[in-house]
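Right, one structure below, let's go through it.
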Amino acid sequence: MTKPLPGRIEVITGPMFSGKSEELIRRLKRARIARQRVACFKPDIDLRYHRTAIASHSSQTHEAETVSTTEHLKSSLFPQLDEVEVVGIDEVQFFDEAIIALAVELVHLGKRIIIAGLDTTFTAEPFGPVPALMAIADEVTKLSAVCMTCGAPAIHTQRLGASQELVVVGAAGLYEARCRAHFHPWLDENSSEQLEFPEASRIL
Ligand code: ADP
Ligand code: MG
């Protein structure tokens, strides 16, 4: 048996609202235009909008299967693996560490793996398996959002309101993108509307 050509690991990362899901959906749609067979997964912690699709904040969607663990993802993917050329994963920060070994296994089988996820938590700590995935990737795309305080490029996800849980997903108005200057690793009770915008005219 001839060894398959190596595949490719692509990581799309950045804070919330930076367009990670949009970019993942764009790449998966282009792969399908090129008649490549695509399988897409997301963790069941993220049930925003849909169980059977990934969705962006701009309402773009792509069919996806919801799985609870890496093992669950494998048990769904492996029976169809011969047919699949491109594997997409959204919200990868919520997967267990085994997702890293799976990415390595898939790339050695010649698959293109496109992975989107948050690089940092709302306290600016590296998030779950994402740093390791960035390290082993062929290509890392680090996107920025727009700071909701001043309009500058934002690399942070600011948690608003009272919850101390690490994982609070999909609750509207709970997070916003912030630049370094306006990010507070503690909770910010102020919504952007309540803040002064002294820098806005300078930066925009
Ligand atoms: P991510 O997956 O990184 O959270 P999405 O792809 O779901 O991002 O959404 C990106 C879209 O979110 C943008 O195209 C824009 O329409 C919208 N959006 C809302 N708030 C912001 C913001 N602060 N900065 C940039 N885009 C924003
Ligand atoms: Mg997203």
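We count ligands from 1, going down the list as the structure has it; atoms in each ligand are counted the same way.
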Margin query: I'd like to know whether ligand 1 has Ser18 as a neighbour, heavy-atom separation below 4.0 Å.
Written below: yes
Checklist line | Enumerated ligand 1 atoms positioned under 4.0 Å from heavy atoms of Ser56 | finding: 5 (P), 6 (O), 7 (O)
Notebook entry, point to check: Would Phe94 and Phe127 count as a close aromatic pair, with their ring centres under 6.0 Å?
Noted result: yes
Next item on the list: Check the angle between the aromatic planes of Phe183 and His156 and answer parallel, tilted or perpendicular using the 30° and 60° thresholds.
Entry: parallel
Item checked: Donor-acceptor contact present, side-chain Glu85 to main-chain Arg37, <3.5 Å -> yes
Note to self: Tell me which pairs pass side-chain hydrogen bond (donor to acceptor under 3.5 Å, both in side chains) where either residue lies in residues 95-104, with sequence neighbours left out.
What the structure shows: Thr70-Asp96
Next item on the list: Number the atoms of ligand 1 from 1 as they appear, then name those within less than 4.0 Å of a heavy atom of Pro15, with their elements.
Entry: 3 (O)
Notebook entry, point to check: Which one of Glu22, His57, Arg178, Glu176 has a non-hydrogen atom at the shortest distance from atom 14 (O) of ligand 1?
Noted result: Glu22
Notebook entry, point to check: Any N/O/S of Ser56 under 2.8 Å from the Mg ion (ligand 2)?
Noted result: no
Notebook entry, point to check: Should Met134 and Ile114 be regarded as members of a common hydrophobic cluster, given that ILVMFWY residues are connected when their side-chain heavy atoms come within less than 4.5 Å of each other, either directly or indirectly?
Noted result: no
Item checked: Val84-Leu106 co-clustered via ILVMFWY side chain contacts under 4.5 Å -> yes
Next item on the list: Could you tell me which atoms of ligand 1, counted from 1 in the order shown, lie closer than 4.0 angstrom to a heavy atom of Ala145?
Entry: 24 (N)
Note to self: Is the contact between Ala154 and ligand 1 made by the side chain, the backbone, both, or neither, using heavy atoms and a 4.0 Å cut-off?
What the structure shows: neither
Next item on the list: Return each pair, listed once, that meets salt bridge (Lys or Arg N to Asp or Glu O under 4.0 Å) where at least one residue sits in residues 139-155; pairs must be two or more places apart or across chains.
Entry: Arg8-Glu139, Arg27-Glu139, Asp119-Lys142
Notebook entry, point to check: How does Glu23 reach ligand 1, if at all, at less than 4.0 Å between non-hydrogen atoms: by side chain, backbone, both, or neither?
Noted result: neither
Check: Would you say Ala55 and ligand 1 have an N/O pair spaced under 3.5 Å apart?
Finding: no
Margin query: I need the atoms of ligand 1 closer than 4.0 Å to a non-hydrogen atom of Met16, numbered in the order shown.
Written below: 4 (O)
Next item on the list: Tell me, please: is Cys147 in heavy-atom contact with ligand 1, that is, under 4.0 Å?
Entry: no
Item checked: Atoms of ligand 1, numbered as shown, that sit under 4.0 Å from any heavy atom of Met148 -> 23 (N)
Note to self: Using only atom types and a distance under 3.5 Å, with no angle test, would you say the side chain of Lys111 pairs donor to acceptor with the backbone of Val87?
What the structure shows: no
